[in-house]
Amino acid sequence: MKHQAETVLTAIGILLFGILFAGSILLYGNVEGSPKTLELVQSFMEDENIVEFSEQQIITYIGYLFIYLAVISFTWIILGSAAIYLLKKETRGKSAGVLLIGIAILGTLSTIGLGIFGGMIYLIAGIMVITRSASASKHT
């Protein structure tokens with residue numbers, strides 16, 4: 001197995017995005033209908049003097065945010081798995097590296113910075129794959 005370190009790093013990135021996915025699902029389940037959430041939103045609205053929205057609208061928007069984070073982090077998990085698949089194929093190393101770097105940048109930005117650790121791991125793995133592929137093609 002040629003890219004063992006990169007595969008392990010990508011698996012760690014998948015795990016980190018998986019934690020974000022699971023956390024988003026759990027928080028979404030706890031936001032809707034929670035009296036503590038309603039109390040927190042009411043105090044926030046009073047402190048910030050918000051009158052344009054109701055408490056329920058803000059709670060709904062927070063729920064939508066958690067759904068968005070769950071969907072987008074699941075997407076980065078699937079694409080990370082695709083990168084591992086490409087790493088297993090000996091001829092697709094460079095494309096896996098480009099995919100990992102793209103996932104790292106888009107994953108960090110699309111999760112509003114919450115996926116920074118998974119993105120950094122993907123970025124490191126992608127750079128390692130590309131440099132290893134470039135040095136291997138240089139020696140052949």
Side-chain angles (χ1 to χ4, degrees):
M1 191 153 109
K2 194 171 163 183
H3 298 285
Q4 187 172 7
E6 293 88 344
T7 303
V8 169
L9 283 174
T10 305
I12 292 170
I14 289 171
L15 178 69
L16 291 173
F17 277 109
I19 291 170
L20 181 61
F21 172 74
S24 298
I25 296 293
L26 289 174
L27 286 173
Y28 173 73
N30 290 331
V31 163
E32 297 288 327
S34 171
K36 289 196 178 230
T37 304
L38 183 61
E39 182 180 307
L40 182 65
V41 168
Q42 286 173 344
S43 68
F44 171 74
M45 290 178 70
E46 289 172 8
D47 291 344
E48 298 299 322
N49 206 12
I50 298 173
V51 294
E52 296 88 23
F53 302 105
S54 69
E55 292 91 359
Q56 193 57 42
Q57 285 177 319
I58 292 177
I59 291 172
T60 303
Y61 293 147
I62 293 170
Y64 288 157
L65 173 69
F66 289 136
I67 290 172
Y68 167 77
L69 287 173
V71 168
I72 203 73
S73 61
F74 186 72
T75 302
W76 304 133
I77 290 169
I78 297 299
L79 289 175
S81 301
I84 287 179
Y85 175 75
L86 290 174
L87 282 173
K88 298 285 184 184
K89 293 186 169 256
E90 297 297 323
T91 60
R92 301 284 185 176
K94 194 169 185 177
S95 60
V98 171
L99 178 63
L100 284 169
I101 291 173
I103 296 170
I105 294 167
L106 293 174
T108 301
L109 294 176
S110 66
T111 58
I112 317 162
L114 295 174
I116 186 126
F117 297 116
M120 286 182 357
I121 297 293
Y122 279 169
L123 182 66
I124 292 168
I127 291 171
M128 287 174 65
V129 169
I130 288 178
T131 54
R132 186 173 290 186
S133 296
S135 67
S137 66
K138 206 185 247 188
H139 293 322
T140 58

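Since the model is a prediction, treat every value here as computed from it, not as a measurement.
Within the 4.5 Å cutoff, side-chain heavy atoms of Ile84 are placed close to those of Lys88.
In this structure, the separation between CD on Glu6 and OG1 on Thr131 is 7.5 Å, given to the nearest 0.5 Å. The CZ atom of Phe21 lies 12.5 Å from the CD1 atom of Ile72; values are rounded to the nearest 0.5 Å. The CD1 atom of Ile62 sits 12.5 Å away from atom CD1 of Ile67, with the distance rounded to the nearest 0.5 Å. Between Leu38 atom CG and Ile58 atom CD1 the span is 10.5 Å, to the nearest 0.5 Å. Atom OG1 of residue Thr10 and atom CG of residue Leu79 lie 12.0 Å apart, to the nearest 0.5 angstrom.
Two different hydrophobic clusters hold Tyr122 and Phe117 under the rule that ILVMFWY side chains link at heavy-atom gaps under 4.5 Å. If you chain together hydrophobic residues whose side chains sit under 4.5 Å apart, Leu106 and Leu114 fall into the same group. Val31 is not connected to Leu26 by any chain of hydrophobic side-chain contacts under 4.5 Å among Ile, Leu, Val, Met, Phe, Trp and Tyr, and they are in different clusters. Cluster membership check: Ile121 does not share its hydrophobic cluster with Tyr85, using side-chain heavy-atom separations under 4.5 Å among Ile, Leu, Val, Met, Phe, Trp and Tyr. No continuous path of ILVMFWY side-chain contacts below 4.5 Å connects Leu9 to Leu87, so the two sit in separate hydrophobic clusters.
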Please tabulate, one pair per line, all N/O donor-acceptor pairs under 3.5 Å involving side-chain atoms of residues 45-57, not counting sequence neighbours.
unit_1	atom_1	unit_2	atom_2	d
Ser54	OG	Gln57	N	3.2
Gln57	OE1	Ser54	N	2.9

May I have the list of side-chain donor-acceptor pairs in residues 12-20 shorter than 3.5 Å, sequence neighbours left out?
none

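A pairwise comparison of heavy atoms in Val129 and Lys94 identifies CG1-N, 4.4 Å as the closest pair. Here the shortest heavy-atom pairing between Ala104 and Gly119 reads CB-O, 3.0 Å. Heavy-atom minimum distance, Ala96 versus Ala83: CB-O, 3.7 Å.
Here Leu65 pairs with Leu69, Ile112 under the side-chain contact (heavy atoms from CB on, under 4.5 Å) rule; sequence neighbours left out. In this structure, the side-chain contact (heavy atoms from CB on, under 4.5 Å) partners of Ile116, at least two apart in sequence or on a different chain, are Thr108, Met120.
Side chain of Ser43 to main chain of Leu40: a donor-acceptor pair is present (N/O by atom type, distance under 3.5 Å, no hydrogens or angles).
Judged as a side chain to side chain donor-acceptor pair (under 3.5 Å), the pairs with a partner in residues 61-80 (not counting sequence neighbours) are, in order, Trp76-Ser110.
Other residues sharing a hydrophobic cluster with Leu123 under the 4.5 Å side-chain heavy-atom criterion for ILVMFWY residues are Val98, Ile101, Ile105, Leu109, Ile127, Ile130.
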